[in-house]
Amino acid sequence: MAKKEKVVDLKPKAEKITEEQLKKVQDTVNSMNRSQLEVGSMELRKHDLLHGIAGLRDQLTVLQKEFEKDYGTFDVNIQDGTINYPKENGEANS
């Protein structure tokens with residue numbers, strides 16, 4: 001049986017990456033962090049806008065109830081304010 005020779009690596013191991021590599025990795029990580037922060041800001045804005053939409057829906061529901069009470073229907077043309085009465089009332093708009 002042949003004896004295995006032990007190979008010794010005489011080249012010293014690097015202790016640090018190069019300055020150029022360090023700069024690249026730092027820039028990449030910083031860009032990722034900035035992007036994640038921006039996504040978080042967008043999500044907060046989205047959240048606020050969704051709450052605003054919910055409030056507007058509530059306002060529309062209140063208005064529709066007022067129209068139903070006052071005119072018997074909430075079917076209104078939002079361009080010119082024409083009330084679209086149900087046909088069974090005999091007052092249907094053409």
Side-chain angles (χ1 to χ4, degrees):
M1 189 192 271
K3 258 187 166 177
K4 280 190 173 182
E5 290 185 29
K6 191 173 184 180
V7 179
V8 177
D9 186 8
L10 299 176
K11 183 179 173 185
K13 292 186 180 179
E15 290 185 28
K16 290 185 173 185
I17 60 176
T18 66
E19 287 296 320
E20 183 180 332
Q21 291 170 326
L22 178 61
K23 175 89 170 106
K24 283 182 184 178
V25 75
Q26 286 174 338
D27 289 347
T28 301
V29 169
N30 286 336
S31 292
M32 285 175 51
N33 288 341
R34 277 192 305 275
S35 295
Q36 289 172 340
L37 183 63
E38 192 167 332
V39 167
S41 295
M42 284 187 234
E43 285 295 327
L44 284 172
R45 175 129 170 83
K46 175 184 167 185
H47 180 77
D48 289 343
L49 288 169
L50 289 172
H51 273 288
I53 289 170
L56 292 169
R57 280 190 188 134
D58 291 343
Q59 288 179 16
L60 182 59
T61 300
V62 168
L63 288 170
Q64 288 174 331
K65 287 178 182 176
E66 286 178 19
F67 295 156
E68 182 78 40
K69 180 183 168 194
D70 293 345
Y71 305 108
T73 182
F74 61 82
D75 187 1
V76 176
N77 181 321
I78 63 167
Q79 299 301 317
D80 63 11
T82 303
I83 301 168
N84 300 310
Y85 289 104
K87 290 185 180 190
E88 57 266 9
N89 288 354
E91 300 179 42
N93 291 330
S94 37

Aromatic plane relationship, H51 with H47 - under 30° parallel, 30 to 60° tilted, over 60° perpendicular: perpendicular
Heavy-atom pair with the smallest gap, counting every atom of E68 and F74: OE1-CD2, 3.3 Å
Distance (rounded to the nearest 0.5 Å) between I53 CD1 and L49 CG: 6.5 Å
Any side-chain heavy-atom pair of S31 and R34 under 4.5 Å: yes
Nearest-0.5 Å distance, CG of residue N33 to CD of residue E38: 13.0 Å
Value rounded to 0.5 Å, distance of CG in L63 from CG in D58: 11.0 Å
Side-chain heavy-atom pair E19, L22 within 4.5 angstrom cut-off: yes
Test side-chain hydrogen bond (donor to acceptor under 3.5 Å, both in side chains) applied to N84 and T73, D75, N77, the passing residue: D75
Interatomic spacing from NZ in K23 to OG1 in T28 - rounded to 0.5 Å: 10.0 Å
Between CD on residue E43 and CG on residue L50, distance to nearest 0.5 Å: 9.0 Å
